[in-house]
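Residues take their numbers from the sequence shown, with the count starting at 1. Reckoned from all heavy atoms, side chains included, excluding hydrogens, waters and symmetry mates.
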Amino acid sequence: MSKHGGAEFVPLNIAVLTVSDTRTEENDTSGQALVERLIDSGHNLADKAIVIDDVYQLRAIMSKWIADERIHAVISTGGTGFTARDNTPEAIMPLFDKQVEGFGEVFRSVSYDEIGTSTIQSRAFAGMANRTVICCVPGSTNACKTAWDKVIKEQLDASHRPCNFVPHLNLAETCETRG
């Protein structure tokens, strides 16, 4: 059986970060949608936070989670658009060891079926840092649901074939074919 997929499901510790100048725990429907979905899928919520759209505050909390060996994945919501305050890509991409180029492409492809060409205004992206996978998706609740249901859920499931991110995370032994 391939080390890239087909293994048994492994519950991961996943942190959720909401990037917003206006959201609070009471009205953070996007972050809550991600939390509900990851728990319903059998994973553990490792941490959750809301941070304003500030490059240095974003980097501070993301760096803390990347350095935490107990956290296997981080999903952020918000700050991926084109307003002056949307700084998530500029804040997070410099922290990556490797970029996951296909993530944004696949997200926009599945999102196209729901919102048409408006999906090109999403700068959704993902990468790996310190063997932690980081997925950054738009701030709308529907975009979070689409990202989890159609992209992230399968890629964080060790049983998904032909491959997934689990062999590349801190919890896994070294991948036989890709190191």
Side-chain angles (χ1 to χ4, degrees), residues 1-20 23-25 28-51 57-80 88-89 91-100 102-104 106-107 124-139 141 143-161 163-176 178-179:
M1 187 170 304
S2 168
K3 287 276 188 177
H4 294 285
E8 289 186 31
F9 176 84
V10 176
L12 302 176
N13 298 324
I14 303 172
V16 173
L17 178 64
T18 298
V19 181
S20 173
R23 299 274 172 102
T24 66
E25 285 300 331
D28 181 20
T29 56
S30 299
Q32 193 56 42
L34 290 169
V35 168
E36 290 169 5
R37 278 169 162 69
L38 74 88
I39 290 171
D40 289 348
S41 298
H43 297 293
N44 306 306
L45 179 63
D47 204 348
K48 181 179 184 307
I50 298 174
V51 66
Q57 290 190 37
L58 276 162
R59 283 183 187 156
I61 193 159
M62 192 65 75
S63 295
K64 176 183 158 196
W65 286 347
I66 290 168
D68 187 334
E69 293 180 358
R70 296 169 296 146
I71 295 178
H72 307 123
V74 177
I75 305 170
S76 82
T77 171
T80 60
T88 302
I92 304 305
M93 283 183 171
L95 303 176
F96 289 167
D97 299 322
K98 294 183 179 176
Q99 206 169 345
V100 182
F103 180 84
V106 170
F107 173 77
F125 64 99
M128 300 287 297
N130 193 29
R131 299 189 70 179
T132 303
V133 64
I134 300 145
C135 301
C136 301
V137 301
T141 304
C144 290
K145 292 175 181 176
T146 298
W148 179 268
D149 295 345
K150 298 183 177 176
V151 185
I152 299 170
K153 180 179 178 181
E154 287 182 348
Q155 286 302 304
L156 297 182
D157 181 347
S159 68
H160 179 72
R161 296 185 69 153
C163 59
N164 57 74
F165 280 112
V166 176
H168 305 288
L169 304 178
N170 277 330
L171 60 90
E173 58 194 64
T174 302
C175 177
E176 288 178 348
R178 294 190 181 167

- Item | Nearest-0.5 Å distance that lies between atom CG in L34 and atom OG1 in T141 | 9.0 Å
- Closest heavy-atom contact between A143 and P138? CB-CB, 3.8 Å
- Which distance, rounded to the nearest 0.5 Å, do you find between the SG of C135 and the CG of L156? 6.0 Å
- Message: With a 4.5 Å cut-off on side-chain heavy atoms, are I152 and L38 touching?
- Response: no
- Task: Tell me, with the steps shown, if V74 and I66 meet side-chain contact (heavy atoms from CB on, under 4.5 Å).
- Result: CA-CA 8 Å; V74 177; I66 290 168; 5.6 Å; no
- Message: Could you check whether atom CD of Q99 has more than 12 heavy atoms from other residues, nucleotides or ligands sitting under 6.0 Å from it?
- Response: yes
- Item | Student check: side-chain heavy atoms of R59 and P94 closer than 4.5 Å | yes
- Closest approach of P11 to N44 (non-hydrogen atoms, all atoms of both residues): CB-ND2, 4.1 Å
- Working to the nearest 0.5 Å, report the span between SG of C136 and CG of L58. 8.5 Å
- Task: Taking all heavy atoms of A147 and all of V137, pick out the closest pair and write down the distance.
- Result: CB-CG1, 3.5 Å
- Query: So, does T88 use its side chain to make a donor-acceptor pair with the main chain of G78 at under 3.5 Å?
  - Reply: yes
- Task: Would you please classify the geometry between the F165 ring and the H168 ring as parallel, tilted or perpendicular, with 30° and 60° separating the classes?
- Result: perpendicular
- Query: Where do A158 and F9 come nearest, in terms of heavy atoms and distance?
  - Reply: CB-CA, 4.4 Å
- Message: Would you say that D157 contacts N164 through its side chain, given a criterion of any heavy-atom pair below 4.5 Å between the two side chains?
- Response: no
- Item | Shortest non-hydrogen contact from K48 toward G31 | CE-C, 4.0 Å
- Message: I need the S159 OG to E154 CD distance, nearest 0.5 Å.
- Response: 9.5 Å
- Task: For the residue pair W148 and H43, categorise the inter-ring angle as parallel (less than 30°), tilted (30 to 60°) or perpendicular (more than 60°).
- Result: perpendicular
- Message: Return the CG to CD1 distance between L17 and I134, rounded to the nearest 0.5 Å.
- Response: 10.5 Å
- Answer yes or no: is there a donor N or O on one side and an acceptor on the other, between the side chain of R23 and the main chain of D28, under 3.5 Å? no
- Item | Residue pair V16 / Q32, side-chain heavy-atom distance below 4.5 Å | no
- Query: Are any side-chain N or O atoms of T132 and backbone N or O atoms of H72, one a donor and one an acceptor, separated by less than 3.5 Å?
  - Reply: no
- Just by modelled atom types, is the C144 backbone N or O under 3.5 Å from a matching donor or acceptor in the S30 side chain? no
- Report the C-alpha separation of V133 and M128 in whole Å, then their side-chain angles, then the decisive distance to 0.1 Å, and conclude whether the side-chain contact (heavy atoms from CB on, under 4.5 Å) test is met. CA-CA 5 Å; V133 64; M128 300 287 297; 3.6 Å; yes
- Message: Could you tell me if the side chain of I71 sits less than 4.5 Å from the side chain of N170, heavy atoms only?
- Response: no
- CZ on R131 to NZ on K98, rounded to 0.5 Å: 10.0 Å
- Would you say the side-chain atoms of N13 pair up with the backbone N or O of A46, donor to acceptor, closer than 3.5 Å? no
- Item | K153, NZ atom: more than 12 neighbouring heavy atoms under 6.0 Å | no
